[in-house]
Amino acid sequence: MRISSRQLTDASQQSMMKSSVETSGWQQRISSGQRYEKASQNSAASGRSVELATRQSRIEYFKGNQTAVENSMSEIDSQITGVRNALATMTEIGVQARNGTMGASGLSALSQRADQTVELIKSLSGASNAAGLPMFADEGITLEIEPGFKLPINMTRTAVFGEGEKGNEAVLAACDSLAATLAKGETPTLEQMTALSTAADTVMSAQVKSGLVLGQIDSSRAVMVANTDAVSSERSALLDTDVLEASTQLASSQTQLEAARNIFTRLSQTGLFNKL
């Protein structure tokens with residue numbers, strides 16, 4: 001069977017075109033970092049990547065909730081610290097009033113300090129967070145920070161200030177009682193001091209709870225980081241260019257392209273080619 005120079009030339013041109021396309025494709029993969037240009041090139045990998053993207057979106061949702069809970073509980077923790085410090089001041093005032101050496105003027109001065117401290121505690125109890133919501137609400141609100149696991153984003157007034165009508169919970173009632181006694185020029189009773197101590201324990205317990213929530217956020221965040229790393233790793237294995245493989249294939253296609261060009265050049269220079 002006779003092979004004409006035209007057939008050889010066409011075959012050489014086709015080889016050059018094929019090698020050129022392959023070279024361009026591998027160069028594109030290396031520069032873009034993407035293994036596939038179209039989803040149709042690997043439908044299985046494309047489908048799995050959609051699943052991973054959905055999973056990553058869920059992770060981002062949980063991470064957002066973690067941040068929201070952490071920010072809110074940090075604000076609450078700071079607020080509770082203010083209440084505890086104010087209660088410590090009230091206790092100090094009560095102890096000074098009971099030492100037996102305070103005259104009427106001394107009790108009057110302590111009464112003024114007590115009134116100011118009570119107002120401070122009431123102000124702290126009614127504070128709002130950065131979102132404008134009450135820090136100490138009538139009902140607790142939770143957010144899901146992991147699949148099936150929720151944490152509080154606020155604390156109830158009862159948890160922080162004890163039982164009682166709003167604005168007159170056990171903690172506030174104990175402070176009001178002490179301040180009222182001092183306003184009369186009288187010495188606080190042992191029962192009033194005990195109530196103040198119980199109030200301090202209640203507030204301390206609430207702060208411990210806020211600390212536990214913040215600790216759980218740290219643990220949950222570590223889980224989300226691990227999940228994010230796993231998703232990123234799988235996605236990279238599916239869709240990202242393997243640089244070593246791509247570089248090897250690029251070198252191979254470039255070699256083939258150069259060989260095809262050399263063959264075409266030689267054919268174009270033969271007498272047989274020139275006669276056609």
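By the side-chain hydrogen bond (donor to acceptor under 3.5 Å, both in side chains) test, Ser177 is found to be paired with Gln192, residues two or more places apart in sequence or in another chain being considered. Here Glu60 pairs with Lys63 under the salt bridge (charged side-chain N to carboxylate O under 4.0 Å, His left out) rule; sequence neighbours left out. Residues forming a salt bridge (charged side-chain N to carboxylate O under 4.0 Å, His left out) with Glu75 (at least two apart in sequence, or on another chain): none. Legend: residues meeting salt bridge (charged side-chain N to carboxylate O under 4.0 Å, His left out) with Asp77, ordered by chain and number and at least two apart, are absent. Under the rule for a side-chain hydrogen bond (donor to acceptor under 3.5 Å, both in side chains), the partners of Thr81 that lie at least two apart in sequence or sit in another chain are Gln207.
The stretch residues 180-219 participates, sequence neighbours left out, in no ring-ring contact (aromatic ring centres under 6.0 Å, His included) pair at all. Among residues at least two apart or in separate chains, salt bridge (charged side-chain N to carboxylate O under 4.0 Å, His left out) pairs with a member in residues 176-185 are Lys122-Asp176. Among residue pairs with one or both ends in residues 184-224, none qualify as ring-ring contact (aromatic ring centres under 6.0 Å, His included); sequence neighbours excluded. Under the ring-ring contact (aromatic ring centres under 6.0 Å, His included) criterion, no residue pair touches residues 165-184, with sequence neighbours excluded. Within the structure, the side chain to side chain donor-acceptor pair (under 3.5 Å) test picks out the following pairs touching residues 159-175 (sequence neighbours left out): Arg157-Glu169.
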Working for side-chain contact (heavy atoms from CB on, under 4.5 Å), residues Met135 and Val160:
CA-CA 10 Å; Met135 288 191 186; Val160 181; over 6 Å; no

Identify every side-chain donor-acceptor pair in residues 87-95 under 3.5 Å, counting partners at least two apart or on other chains, and give the distances.
from: Thr89; atom 1: OG1; to: Asn85; atom 2: O; distance (Å): 3.2
from: Thr91; atom 1: OG1; to: Leu87; atom 2: O; distance (Å): 3.0
from: Glu92; atom 1: OE2; to: Gln96; atom 2: NE2; distance (Å): 3.3

Could you pull out every donor-acceptor pair under 3.5 Å between side chains of residues 136-154 and any protein atom, sequence neighbours left out?
from: Glu144; atom 1: OE2; to: Gly148; atom 2: N; distance (Å): 2.6
from: Glu146; atom 1: OE2; to: Ser220; atom 2: OG; distance (Å): 2.8
from: Asn154; atom 1: OD1; to: Ile141; atom 2: N; distance (Å): 2.8
from: Asn154; atom 1: ND2; to: Glu139; atom 2: O; distance (Å): 3.3

